Asks: 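Mind having a look at this structure? Questions to follow.
Keep in mind the model is a prediction, meaning the values are calculated, not measured.
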Amino acid sequence: MTAVGIDAIEIWTGNLKLDLPGTFAPEKGEDPEKYTKGLGLNASSFPDSYEDIVTMGANAAHRLMERKGLEPDDIGRIDVATESSFDNSKPVSTYVAGCLESVYDGDFHHANKGERKFACIAGTQSLDDAYNWIRAGRNRGRGALVIATDTALYARGDAGEATQGAGAVAMYIDEDPDLIELSTEQGYGSADETDFLKPNQQFPSVDGKRSVQVYLARMREALEDYESVAGDVHPDDFVFAPFHTPFPGMVRKAAMLAYRHVTRDTAVEEELAEEIGRQPRREAFDDEDAFREAVREYMDALKKTDRYQEWYAETVDPTLALSREVGNWYTGSVHIARASALKQALESGRDLTGETLLVGSYGSGAQAEIHAETVQDGWEEEIEALNISEQLEARYDLSWEDYEEVHDAHNHEMDIDVEEFTTPEEEFVFDGWGRMGERKYRYVE
């Protein structure tokens, strides 16, 4: 069976930066380590006044197409995943296609276009859609352009304000991919939850404590479901575990849960038992509270062991390097985590060809998905082509007053014009409003 997966990836970050320990924490009168060690974040990326989800998505897609030598005729579908959409009818993918058509001779009139919504997991669902479309033989030799783009902004003063971020990830899905092959097997955990939602509003309503609980519960269900079709997972089976990363601190919790699960009834558990005992089993306890307390005590001990800390440092921590500098990108979050891990491996000279990633996606509302990805022999060239480090370095560093202005500029309820902080160059920009209230865009040479 021909491999299907991600052939190429490009990342476009918002052109502005908010320094959390240096700018945000002093203004809030808080210890900088609340953000750097607690949340695990150093900075957030923000869109300049001429940027939005369309410009970032189109810029990432344009760079990908140029680098891979793709023309509109090579692309049979364009799927945009976002939870920052500004129209309840016209999909963002049509705007992106319009931007790209302005710089190419051909058009995308033949391409199927859509917009996916299921909170942050929509980016992975769009990958699944493209995979299934190709597997079904409906692609006619063409590939799919999948774009995850978001401005993850919170209301001023909201508890989630420090986790904000903005950027886009563009991926080209095709047969015989150069980057990673997607597994046929998938596992899901899904339930009707109200942990995070936007009922006809721009900024989210969040039950923070509940959201963490739901995230962990759905991830556990998805892992169990994945094992029901792919077989038991062992920590030696995969080199990296990219998780959905609203902030790295949440991934620390998910990683602990995953490690406890995949080491249960293995030699790893027996070796650890000499130091911290065996994992608690529900059947050994008379009531649920006692069992949960025993699990908490075991987890507290587990995270202090050298074995767990070494596994986390090798398998999870490399996935968080980019997220620490850009914040939450919602639908792009897990795809940033994947890119971060591969980038770290490339820079350390590690050969990953043929190795496996175990990828955990999540969307509030709520659903998690677990699948595996096999690294292909063209991965080094693909990751080396990313210029995300240069983008991060080039961001404009916002003062607190700057931050207040640009946040208000992107607040849909406020009609404020803000001068641009950076000068656009070779990128798509927002260019005002059309006769029906639609957004207009142009390409700046």
Side-chain angles (χ1 to χ4, degrees), residues 1 4-6 81 116-133 135-136 146 148 173 180-196 210-246 250-266 268-269 279-283 288 291-292 295 299 311 315-316 319 331 333-335 337-338 356-374:
M1 188 165 58
V4 175
I6 303 175
R116 257 289 191 171
K117 181 183 75 175
F118 196 145
C120 303
I121 200 173
T124 296
Q125 289 182 322
S126 294
L127 280 186
D128 295 339
D129 292 340
Y131 176 94
N132 294 335
W133 172 71
R135 276 272 177 255
V146 170
I173 317 306
I180 61 99
E181 177 187 359
L182 295 166
S183 68
T184 301
E185 298 82 12
Q186 299 163 290
Y188 295 100
S190 187
D192 179 12
E193 300 281 3
T194 54
D195 55 318
F196 177 112
R210 178 63 181 160
S211 187
V212 173
Q213 294 170 340
V214 172
Y215 174 87
L216 297 177
R218 301 292 81 77
M219 281 290 195
R220 175 183 53 78
E221 291 172 350
L223 183 55
E224 291 173 346
D225 190 46
Y226 174 77
E227 288 183 314
S228 74
V229 292
D232 290 345
V233 174
H234 188 277
D236 293 341
D237 294 341
F238 50 94
V239 291
F240 293 118
F243 288 92
H244 166 57
T245 311
M250 187 179 283
V251 172
R252 288 197 294 265
K253 297 177 184 294
M256 280 287 297
L257 180 74
Y259 191 78
R260 180 170 69 93
H261 179 91
V262 300
T263 57
R264 187 180 302 136
D265 296 322
T266 70
V268 175
E269 182 189 7
Q279 295 186 27
R281 266 59 172 182
R282 179 64 184 87
E283 59 271 16
E288 187 68 22
F291 170 64
R292 290 184 180 278
V295 169
M299 297 283 272
W311 174 84
T315 309
V316 179
T319 71
T331 56
S333 168
V334 71
H335 308 294
R338 178 202 296 110
T356 301
L357 313 181
L358 191 69
V359 180
S361 301
Y362 173 77
S364 291
Q367 183 163 298
E369 178 192 317
I370 299 288
H371 70 255
E373 299 177 353
T374 304

Asks: Taking only residues two or more places apart in sequence or in another chain, which ones pass ring pair (Phe, Tyr, Trp, His ring centres under 6.0 Å) with F196?
Replies: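 Checked F196 against ring pair (Phe, Tyr, Trp, His ring centres under 6.0 Å); matches are Y330.
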Asks: Can you see which heavy atom on Y131 is nearest to which on T184, and at what distance?
Replies: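 Nearest heavy atoms, Y131 then T184: OH-OG1, 3.2 Å.
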Asks: When you measure from the side chain of T356 to the backbone of F238, do you find a donor-acceptor pair of N or O atoms at a distance under 3.5 Å?
Replies: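 Answer holds: no.
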Asks: Any side-chain heavy atom of V4 within less than 4.5 Å of one from I173?
Replies: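 They are in side-chain contact.
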Asks: What's the separation between atom CD in Q367 and atom CD in Q125, rounded to the nearest 0.5 Å?
Replies: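 The CD atom of Q367 sits 5.5 Å away from the CD atom of Q125.
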Asks: Of all heavy-atom pairs between I370 and Y226, which one has the smallest distance, and what is that distance?
Replies: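 Heavy-atom minimum between the residues: O-CD1, 3.6 Å.
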Asks: Tell me every residue that passes side-chain hydrogen bond (donor to acceptor under 3.5 Å, both in side chains) with E283, counting only those two or more places apart in sequence or in another chain.
Replies: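 Per chain and number, E283 pairs via side-chain hydrogen bond (donor to acceptor under 3.5 Å, both in side chains) with no residue.
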Asks: Kindly state each residue pair satisfying side chain to side chain donor-acceptor pair (under 3.5 Å) with at least one member in residues 234-245, sequence neighbours excluded.
Replies: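 Non-adjacent pairs meeting side chain to side chain donor-acceptor pair (under 3.5 Å): H244-S333.
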Asks: Considering non-hydrogen atoms only, spot the tightest contact between P242 and L358 and give its length.
Replies: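 What the structure gives for the nearest pair is CD-O, 3.3 Å.
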Asks: Quick check: do W311 and V262 have side-chain heavy atoms less than 4.5 Å from each other?
Replies: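 Sidechains of V262 and W311: no contact.
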Asks: Any heavy-atom pair between the side chains of V146 and R116 that's under 4.5 Å?
Replies: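 Contact flag for R116/V146 side chains = no.
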Asks: Hydrogens and angles aside, do Q186 and Y188 bring a side-chain donor and acceptor to less than 3.5 Å of each other?
Replies: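 Present: a donor and an acceptor within the cut-off.
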Asks: Can you pull the salt bridge (charged side-chain N to carboxylate O under 4.0 Å, His left out) pairs that have at least one residue in residues 356-374, sequence neighbours excluded?
Replies: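 Pairs touching residues 356-374 that pass the test: R338-E373.
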Asks: Taking all non-hydrogen atoms of both residues, which atom of V316 and which atom of A255 are closest, and how far apart?
Replies: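 Looks like CG2-CB, 4.0 Å.
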Asks: Can you list the residues that meet the side-chain contact (heavy atoms from CB on, under 4.5 Å) rule with D195, with sequence neighbours excluded?
Replies: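 For D195 the side-chain contact (heavy atoms from CB on, under 4.5 Å) partners, ignoring immediate neighbours, are E193, R210, S211, V214, Y362, S364, A366.
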Asks: Hey, could you give me the CG/CD distance between D232 and E224, rounded to the nearest 0.5 Å?
Replies: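 It is 11.0 Å, given to the nearest 0.5 Å.
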Asks: Quick check: closest heavy atoms across A241 and F243, and the distance to 0.1 Å?
Replies: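 Taking every non-hydrogen atom into account, O-CD1, 3.1 Å.
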Asks: Can you pull out every side chain to side chain donor-acceptor pair (under 3.5 Å) where at least one residue sits in residues 251-266? Sequence neighbours excluded, please.
Replies: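 Residue pairs with at least one partner in residues 251-266: E227-H261, T263-Q279, R264-Q279, D265-R281.
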Asks: So, E181 and T374: side-chain donor and acceptor under 3.5 Å apart, yes or no?
Replies: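 Note: E181 and T374 side chains miss the donor-acceptor criterion.
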Asks: Distance from L257 atom CG to L216 atom CG, nearest 0.5 Å?
Replies: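 Here the rounded value is 6.0 Å.
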Asks: Going through the distances and angles, do V239 and T315 end up as a side chain to side chain contact (heavy atoms under 4.5 Å, CB included)?
Replies: CA-CA 6 Å; V239 291; T315 309; over 6 Å; no
Asks: Give the minimum heavy-atom separation between G187 and D225, together with the two atoms involved.
Replies: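 Residues G187 and D225, closest heavy atoms: CA-OD2, 3.4 Å.
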